[in-house]
A.B. asks: 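First the structure, which I've put down as structure tokens, then a few questions once you've had a look.
Note that the coordinates shown come from a computational prediction; the quantities given were computed from them, not determined experimentally. Both backbone and side-chain heavy atoms feed into the values below; hydrogens, waters and symmetry mates do not.
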Amino acid sequence: MFWQLGKTDLAKAYIIPTLVAGLLLMTIGLGLFYTNKSRIIQFEKAFNKDTPAFYQSEIARTESTLKEYTIVFKVIPILIIIASLVILFINTPIWRAISIATIAMLIVILLVDGTAHARIEAYHKELKSINESR
């Protein structure tokens, strides 16, 4: 049905890749939202039960997460370069649409992860300063 909206082959080719990219982004976003929503309650319980242990576990968790972000910020640009090369060397509408939709999705992920990285880095520094002052 949607592919009837496009007038050119390239416009028709965008329908499936953009739907897939959108569904992936929605799935990732909803999964993170619900996972983190339940973790907030666990964090509150852990903090109230044993505050010093909570600080130590949070420092370890944020350090691990920060290390994961360094990998993400290396892998995603490589994937963007690969998708760009596909655009340059494969000139069929479906592969161009897949590559462009992939690049758009990866840029959105970089934007979200960039702000998340800044927030968790600030949180990590705050945790360490609180822990040192104890």
Side-chain angles (χ1 to χ4, degrees):
M1 177 175 150
F2 288 118
W3 52 89
Q4 294 172 351
L5 299 174
K7 302 295 182 210
T8 65
D9 289 339
L10 185 59
K12 291 177 184 180
Y14 271 111
I15 301 300
I16 305 274
T18 52
L19 283 173
V20 169
L23 287 172
L24 283 171
L25 288 172
M26 275 188 13
T27 303
I28 292 167
L30 289 172
L32 290 171
F33 174 77
Y34 287 112
T35 302
N36 287 331
K37 192 171 183 172
S38 67
R39 289 173 71 194
I40 290 171
I41 297 166
Q42 294 170 348
F43 289 153
E44 186 178 357
K45 287 178 183 177
F47 178 81
N48 291 330
K49 183 178 179 184
D50 187 1
T51 304
F54 172 78
Y55 282 120
Q56 291 303 317
S57 68
E58 274 298 276
I59 289 170
R61 185 184 71 81
T62 55
E63 283 175 353
S64 170
T65 303
L66 288 169
K67 287 177 187 173
E68 290 173 13
Y69 276 120
T70 59
I71 295 168
V72 167
F73 292 131
K74 290 177 184 174
V75 170
I76 289 181
I78 291 169
L79 294 174
I80 290 172
I81 291 168
I82 292 168
S84 299
L85 291 172
V86 169
I87 293 170
L88 288 174
F89 295 115
I90 300 176
N91 200 18
T92 59
I94 189 67
W95 281 106
R96 291 192 110 180
I98 288 169
S99 296
I100 292 169
T102 300
I103 291 169
M105 180 183 73
L106 292 172
I107 288 171
V108 168
I109 290 171
L110 275 178
L111 288 169
V112 171
D113 282 355
T115 58
H117 179 264
R119 285 192 315 268
I120 199 160
E121 195 171 41
Y123 177 58
H124 179 72
K125 287 178 185 174
E126 188 176 333
L127 284 171
K128 287 183 88 169
S129 69
I130 290 170
N131 195 46
E132 289 170 0
S133 66
R134 297 184 130 238

A.B. asks: I'd like to know if I80 and W95 are part of one continuous hydrophobic network [Ile/Leu/Val/Met/Phe/Trp/Tyr, side-chain heavy atoms within less than 4.5 Å].
C.D. replies: no
A.B. asks: Taking all non-hydrogen atoms of both residues, which atom of P77 and which atom of V72 are closest, and how far apart?
C.D. replies: CD-O, 4.0 Å
A.B. asks: Let me have the donor-acceptor pairs involving side chains of residues 104-112, under 3.5 Å, with sequence neighbours excluded, atom names and distances please.
C.D. replies:
none

A.B. asks: State the OG-CG distance between S84 and L79, to the nearest 0.5 angstrom.
C.D. replies: 10.5 Å
A.B. asks: Show which residues join I28 in its hydrophobic cluster (side-chain heavy-atom contacts under 4.5 Å, direct or indirect), or state none.
C.D. replies: L32
A.B. asks: Contact between P52 and Q56 at the side-chain level, heavy atoms closer than 4.5 Å - yes or no?
C.D. replies: no
A.B. asks: Would you list the pairs meeting salt bridge (Lys or Arg N to Asp or Glu O under 4.0 Å) in which at least one residue belongs to residues 113-122, sequence neighbours left out?
C.D. replies: none
A.B. asks: Side-chain contact test, heavy atoms from C-beta onward, threshold under 4.5 Å: evaluate it for T102 versus V86 and give yes or no.
C.D. replies: no
A.B. asks: Looking at residues at least two apart in the chain, or sitting in another chain, which of them share a ring pair (Phe, Tyr, Trp, His ring centres under 6.0 Å) with F54?
C.D. replies: F47
A.B. asks: Between NZ of K67 and OG1 of T70, what distance do you get to the nearest 0.5 Å?
C.D. replies: 9.0 Å
A.B. asks: Going by the ring-ring contact (aromatic ring centres under 6.0 Å, His included) test, which pairs reach into residues 98-121, not counting sequence neighbours?
C.D. replies: Y69-H117, F73-H117
A.B. asks: Under the salt bridge (Lys or Arg N to Asp or Glu O under 4.0 Å) definition, can you give me all pairs with a residue in residues 51-66, not counting sequence neighbours?
C.D. replies: E58-R61
A.B. asks: Name all residues meeting the side-chain hydrogen bond (donor to acceptor under 3.5 Å, both in side chains) criterion together with T62; count only those two or more places apart in sequence or in a different chain, and write none if there are none.
C.D. replies: H124
A.B. asks: Does any pair with a residue in residues 31-49 pass salt bridge (Lys or Arg N to Asp or Glu O under 4.0 Å), and if so which ones, sequence neighbours excluded?
C.D. replies: none
A.B. asks: Other members of the hydrophobic cluster containing L85, with the 4.5 Å side-chain heavy-atom rule, please.
C.D. replies: I81, L88, F89
A.B. asks: Apply the hydrophobic cluster definition, ILVMFWY joined by side-chain contacts under 4.5 Å directly or through others, and give me every member besides F33.
C.D. replies: L30, Y34
A.B. asks: Say you draw a straight line from OH of Y14 to CG of D9; how long is it, rounded to the nearest 0.5 Å?
C.D. replies: 12.5 Å
A.B. asks: Roughly how far apart are R96 CZ and I90 CD1, rounded to 0.5 Å?
C.D. replies: 10.5 Å
A.B. asks: Identify whether L66 and I76 are in the same connected component of the hydrophobic contact network (ILVMFWY, side-chain heavy atoms under 4.5 Å).
C.D. replies: yes
A.B. asks: In chain order, what residues pass the side-chain contact (heavy atoms from CB on, under 4.5 Å) check against I94, with sequence neighbours excluded?
C.D. replies: A13, P17, T92, I98
A.B. asks: Once rounded to the nearest 0.5 Å, what's the spacing between atom CD1 of I130 and atom NZ of K128?
C.D. replies: 13.0 Å
